[in-house]
Amino acid sequence: MMKLKINNRFSTELPADLDETNVTRQVRNACFSYVNPRVPSNPQLIHYSKDAAKLIGLTKTDAETTYFTNIFSGKEVLPETRPYAMSYAGHQFGNWAGQLGDGRAIILTEIEYQNKNFTLQLKGAGMTPYSRRADGLAVLRSSIREHLCSEAMFHLGVPTTRSLSLTLTGDQVLRDVMYDGHAEYEKGAVVCRIAPSFIRFGNFELFSSQNDLKTLKLLTDFTIQHHFPEIKGSSKLDYIAFFKAVANKTRAMIVQWQRVGFVHGVMNTDNMSILGLTIDYGPYGWLEDYNPDWTPNTTDRENRRYRFGNQPQIALWNLYQLANALFPLIEEAAPLETILHSFQELYEEDYTSMMRDKLGLAIPIETDTELLGLLSQNLLLHETDMTIFFRKLSEIKKSDSEEIAFATIAESFYNLEKVSEQTKAIWLYWFTQYSTRLQIETATDQKRKLAMDKVNPKYVLRNYMAQLAIEAAENEDYSLIDELHILLKKPYDEQESAQKWFAKRPDWAREKIGSSMLSCSS
């Protein structure tokens, strides 16, 4: 039997809801509610991450047991543990939504392994007091997307929660995929997620909004003590340092999103990790063609609040809400405003540095911002695959002519034959500037390519790839889940046998549900 060292700090050090039922309700003066996972009728493990299992001390032998399947589907509860759901509030699409909480997530336990602490959470294991009008369940398609994406993001080097396992429940779940009145039954599934903590901006917003300053302080002190050990006290200065640390972690995460072309799709404050982790993989997507105005979320189609190009601004907006929540503990606006005002400047510095890396520019010069600005404009001239463009860019040599450079990246253009002569001329001019800029670099072409290929992935989890895995799994073929999982563990490697995945989005995926726009339905 697998052994886990239980360490339930959150549920033993913070106040609990006195009502111990799963009935939906408003909860006050409590950081969490004890709940019981819904017992699935016939759980079946269809995939697990060996890396994530190793992270918490579990082996292949552990994963092959019925006990593993039962625990991580919600059928059994670990000895000496009491599952619970966290309470939090949040702003959704810019509007205050009040109490939200873990509506379809249940924390099994917290554990300690090799002097590190982890929280194990089931997503899709049934109703909690925070489910509102929903059932707390999840379906196979969304669970596959979360399972694959969590691990893909980790191997891309993006701060993220992890996914341990993907389990079918054996039960049917009613869902209206596009919210158009055409609900259908789908296969139910549960994902087990791992993170140091699932505390969100919304946890602090809840108690601040309720004027429950006692619980707000308890939560803040707990978070600092266990997750920001470099901050030693609980004074106003320590709370300011805490907010600054959260802002820095958030900024670092967003820079990585922009580097790989990831669009979260639903950056509500309740979906923002206090640790700067990517959490809650719902209607996400990767840029296919470079389009800063693209959002994968059908709910966001009209206003495009969470579009790719707006993610840094939304992160800052969310930090403003966190600052408001923490203000009662600090009672001074100026230090919080200083941190917020510096966010944009620091982000621009980080972003420019990141883009230099993507272009292979190791020696920074002032005119780089002009080169980057022109590049952003050029990428909008004709539909251009972001991932392929930057990956092919590393193949350009200092001695290459502008024509050769253009031909090198031409593979990234959709409908290459429709690229106008004017567009080509503009690109040739940019490559003239880029070639001149490369002459300043001291690294050889080979070394520069190696460096660029470490930050420009060859493979990302494009929506159509996930959709193919979903369609196969719905027919009980789980081989593509495993194939993509293996592929995405080495996104920067060439992997010649997987060359078919280094390709532009196929035409059939442009408008297909699940391959272009997605809803929050899961």
Side-chain angles (χ1 to χ4, degrees), residues 38 40-53 60 63-64 66 68-70 72-75 104 122-125 135 137-155 161-178 182-193 265 280-286 296 459-489 498 500-501 503 505-506 508-509 512-522:
R38 182 178 184 271
S41 65
N42 184 28
Q44 177 189 354
L45 178 69
I46 59 175
H47 196 267
Y48 80 100
S49 166
K50 295 182 179 66
D51 291 344
K60 181 175 182 289
E64 291 175 347
T66 301
F68 181 98
T69 300
N70 288 347
F72 297 117
S73 66
K75 187 171 184 177
R104 62 180 172 207
L122 300 185
K123 184 173 181 179
D135 56 19
L137 303 176
V139 297
L140 179 60
R141 57 180 164 80
S142 64
S143 301
I144 288 173
R145 286 173 52 80
E146 172 130 15
H147 181 63
L148 287 175
C149 194
S150 299
E151 294 303 284
M153 290 282 273
F154 172 77
H155 291 289
T161 56
R162 304 292 298 273
S163 180
L164 171 64
S165 58
L166 171 63
T167 308
L168 281 170
T169 63
D171 303 307
Q172 295 291 301
V173 179
L174 187 64
R175 287 292 182 269
D176 186 348
V177 178
M178 300 306 293
H182 295 85
E184 294 182 354
Y185 281 100
E186 302 183 49
K187 294 180 179 180
V190 172
V191 166
C192 179
R193 308 193 288 190
D280 293 344
Y281 291 96
Y284 67 79
W286 264 270
Y459 305 104
V460 295
L461 182 61
R462 298 171 185 265
N463 272 341
Y464 85 87
M465 295 163 61
Q467 185 60 28
L468 289 174
I470 289 166
E471 291 174 2
E474 287 173 344
N475 291 311
E476 301 183 4
D477 177 1
Y478 310 119
S479 60
L480 194 49
I481 294 175
D482 191 53
E483 180 180 342
L484 293 178
H485 178 78
I486 293 171
L487 169 78
L488 297 167
K489 286 176 68 172
K500 66 179 180 180
W501 298 119
R505 171 191 56 207
W508 60 260
K512 184 172 181 176
I513 294 174
S515 297
S516 54
M517 300 286 282
L518 301 107
S519 74
C520 295
S521 170
S522 70

Could you go step by step and tell me if S163 and Y281 meet the side-chain contact (heavy atoms from CB on, under 4.5 Å) rule?
-> CA-CA 11 Å; S163 180; Y281 291 96; over 6 Å; no
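- A distance of 8.5 Å separates NZ in K187 from CD in Q44, rounded to the nearest 0.5 Å.
- For D477 (side chain) and S479 (main-chain N/O), a donor-acceptor pair under 3.5 Å exists by modelled atom type.
- Residue S150 holds its OG atom at 12.0 Å from CG of L488, rounded to the nearest 0.5 Å.
- Expressed to the nearest 0.5 Å, how far CD of Q467 lies from CG of L480 amounts to 11.0 Å.
- Here the closest non-hydrogen pair linking I481 and A473 is CD1-CB, 4.1 Å.
- For the side-chain contact (heavy atoms from CB on, under 4.5 Å) with T167, the lone residue among L122, T69, I46 that qualifies is T69.
- Under the side chain to side chain donor-acceptor pair (under 3.5 Å) criterion, E151 pairs with S49, R162, sequence neighbours left out.
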side-chain contact (heavy atoms from CB on, under 4.5 Å) evaluation trace for R104 with L137 = CA-CA 6 Å; R104 62 180 172 207; L137 303 176; over 6 Å; no
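- A donor-acceptor pair shorter than 3.5 Å can be found between the side chains of H47 and H147.
- Taken to the nearest 0.5 Å, the CG atom of L487 stands 9.0 Å off from the CG atom of L461.
- Scanning both residues, Y464 and A503, for their nearest heavy atoms gives OH-O, 4.2 Å.
- Across all their heavy atoms, V190 and F72 have their closest contact at CG1-O, 3.7 Å.
- Here the shortest heavy-atom pairing between G170 and S41 reads O-OG, 3.2 Å.
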Audit row: W501, L484, side-chain contact (heavy atoms from CB on, under 4.5 Å) steps and yes/no | CA-CA 9 Å; W501 298 119; L484 293 178; 4.0 Å; yes
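- In plain terms, the two heavy atoms of A509 and R505 that are nearest each other are CB-CG, 3.8 Å.
- R193 is linked by a side chain to side chain donor-acceptor pair (under 3.5 Å) to Q121, E146, D280, counting only residues two or more places apart in sequence or in another chain.
- Atom-to-atom distance recorded for K60:NZ and Y48:OH is 6.0 Å, nearest 0.5 angstrom.
- The residues R38 and D171 are annotated as salt-bridged, a charged nitrogen and a carboxylate oxygen being separated by less than 4.0 angstrom.
- Considering all non-hydrogen atoms of both residues, C149 and Y284 come closest at CB-OH, 3.3 Å.
- Salt bridge status for R141 with E184: absent, with no side-chain N to carboxylate O gap under 4.0 Å.
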Derivation of the side-chain contact (heavy atoms from CB on, under 4.5 Å) call for W286 and M465 = CA-CA 11 Å; W286 264 270; M465 295 163 61; over 6 Å; no
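- Take E474 and apply the side chain to side chain donor-acceptor pair (under 3.5 Å) test, not counting sequence neighbours, and it matches no residue.
- The line from OG of S143 to CG of L148 is 11.0 Å long, rounded to the nearest 0.5 Å.
- You'll find the side chain of L140 stays beyond 4.5 Å of the side chain of I470, heavy atoms only.
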